[in-house]
Amino acid sequence: MANTRSRISTDIDFERAGKQEGFLRLPHSVHRSAYGYIPIPIVTVRNGKGPRVLLSAGNHGDEYEGQIALTKLARTLEPEAVSGQVIILPMANFPAAQAGTRTSPIDGGNLNRIFPGNPDGGPTEIIAHYIESVLMSQVDVAVDLHSGGSSLLYIPGTLARRHADPAKLDTVLGLVRAFGAPMSYLMGPGGEDRSILAAAERAGITAISAELGGAGMVTRETLALTERGVLNVLRHLGVLAGKPEPHPVRILEVVRARHYVYSPDGGLFEPRAELGDAAKTGQLAGLVHFPDTPWREPTPVHFVGDGLVVCKRVPTRVERGDCLYHLAGDLGL
Ligand SMILES: [Zn+2]
């Protein structure tokens, strides 16, 4: 049984039918506000019987597609249209989302690397604990919307765990296909256990995430795809009436060891591959240049596996260890 004791309080009654809008109040005592709280916006829309779904964005504060799509949904979704419940959390790590940064400016916390959180920790840990132990204990499905943020740009896709259990994998692929993003990235077993997908697995619920674009911006296309994907998932689950619009989805797997390319040096990166390119092991990915020592030969960077280029770094200035690209490989699903 999850420990549901949290310092976060709310006027929202998640058991009540109808639409409620309000805040999760995270107590925060600082110089300018001794008895204040961090107001994390939340909306619940509940009606009759049906699946209960948590929709979240702003887990990373500089990923905007989901924040905008869920803001629009929070304004427009009415109880009459819903069978079950939709809980909308558009700025999950509120301090990070308000600052437009990946991590919290208060405690430096990266929400998606801190689950299961800690009810007695800093604000980011308290939020993680509340999501995993309180919110996830009352829903059946969670959808957490991400993108490449400030430093990365993705070919839009959903992200999910490649469950070893075929029944679980089937359920997840149902959500992935319903969402209808052009790509789907499945992460192999043994992955990150501090993410919201890991939290969902511990909570015993079905979850998918998404990497919807990035580069610190939104486009008309990525936003349309995000809004459509969320509605399609709700239709697929029967929370909303109607069927998901069919869209072709290419299911790919991501294996960090052979698909990620890191900068071996600090300098300026000249890319030699772009999103959508097919890359081969040993192929030149780019060159790191040294304008501070202009007579020095650039350092070449090579791909270490085969796959499709689905994610690339945005800023040209790189440090040793920065991720420059990641690939994804065909799964044949
Ligand atoms: Zn993210």
Side-chain angles (χ1 to χ4, degrees), residues 40 54-71 88-117 123-125 127-128 131-132 135-136 142-161 172 175-176 179 181 183-187 191-201 207-219 222-223 225-227 229-230 233 252 254 256 259-260 262 275 310-315 322-328:
I40 305 165
L54 172 65
L55 302 176
S56 53
N59 177 329
H60 291 137
D62 59 343
E63 300 171 4
Y64 303 111
E65 295 84 351
Q67 295 186 51
I68 293 178
L70 294 190
T71 297
I88 303 170
L89 194 62
M91 297 172 85
N93 194 356
F94 179 82
Q98 202 181 31
T101 52
R102 179 172 179 83
T103 53
S104 173
I106 297 175
D107 57 13
N110 178 341
L111 179 56
N112 219 29
R113 301 288 185 277
I114 214 164
F115 287 92
T124 311
E125 289 176 292
I127 293 169
I131 291 173
E132 178 165 340
L135 292 180
M136 284 186 174
V143 179
D144 189 45
L145 302 169
H146 287 251
S147 77
S150 308
S151 72
L152 298 170
L153 182 63
Y154 266 93
I155 298 179
T158 48
L159 180 76
R161 299 195 130 196
V172 162
L175 293 175
V176 158
F179 194 101
M183 303 287 166
S184 171
Y185 309 123
L186 294 186
M187 309 293 289
E192 180 58 64
D193 61 357
R194 300 166 298 172
S195 70
I196 197 166
L197 291 181
E201 205 165 323
I208 62 166
S209 182
E211 298 291 1
L212 293 158
M217 62 171 183
V218 297
T219 67
T222 54
L223 203 49
L225 189 149
T226 307
E227 292 174 31
V230 169
V233 165
L252 302 166
V254 178
R256 190 173 282 256
H259 285 154
Y260 279 51
Y262 298 99
L275 292 177
V310 297
C311 176
K312 72 171 284 204
R313 179 177 166 84
V314 175
D322 285 343
C323 180
L324 302 172
Y325 291 105
H326 90 69
L327 308 176

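These numbers come from the heavy atoms of this one structure, side chains and all, not from hydrogens, waters or symmetry mates. Numbers here are sequence positions counted from 1. Just so you know, ligand 1 is whichever comes first in the structure, and atom 1 is the first atom listed for that ligand.
- Side-chain polar atoms of S104 and N93 form no donor-acceptor pair below 3.5 angstrom.
- For the side-chain hydrogen bond (donor to acceptor under 3.5 Å, both in side chains) criterion with H146, the lone passing option out of E65, H60, E211 is H60.
- Checking S56 against D144 by side-chain atom types alone, a donor-acceptor pair falls below 3.5 Å.
- Applying the ring pair (Phe, Tyr, Trp, His ring centres under 6.0 Å) test to Y185 and every residue at least two apart in sequence or in another chain returns Y154.
- Listed by chain and number, the protein N, O or S atoms at a distance under 2.8 Å from the Zn ion (ligand 1) are H60 ND1, E63 OE1, E63 OE2, H146 ND1.
- Between L54 and I131 the shortest side-chain heavy-atom distance falls below 4.5 Å.
- When side chains are defined from C-beta on, L252 counts as touching M183, because their heavy atoms get closer than 4.5 Å.
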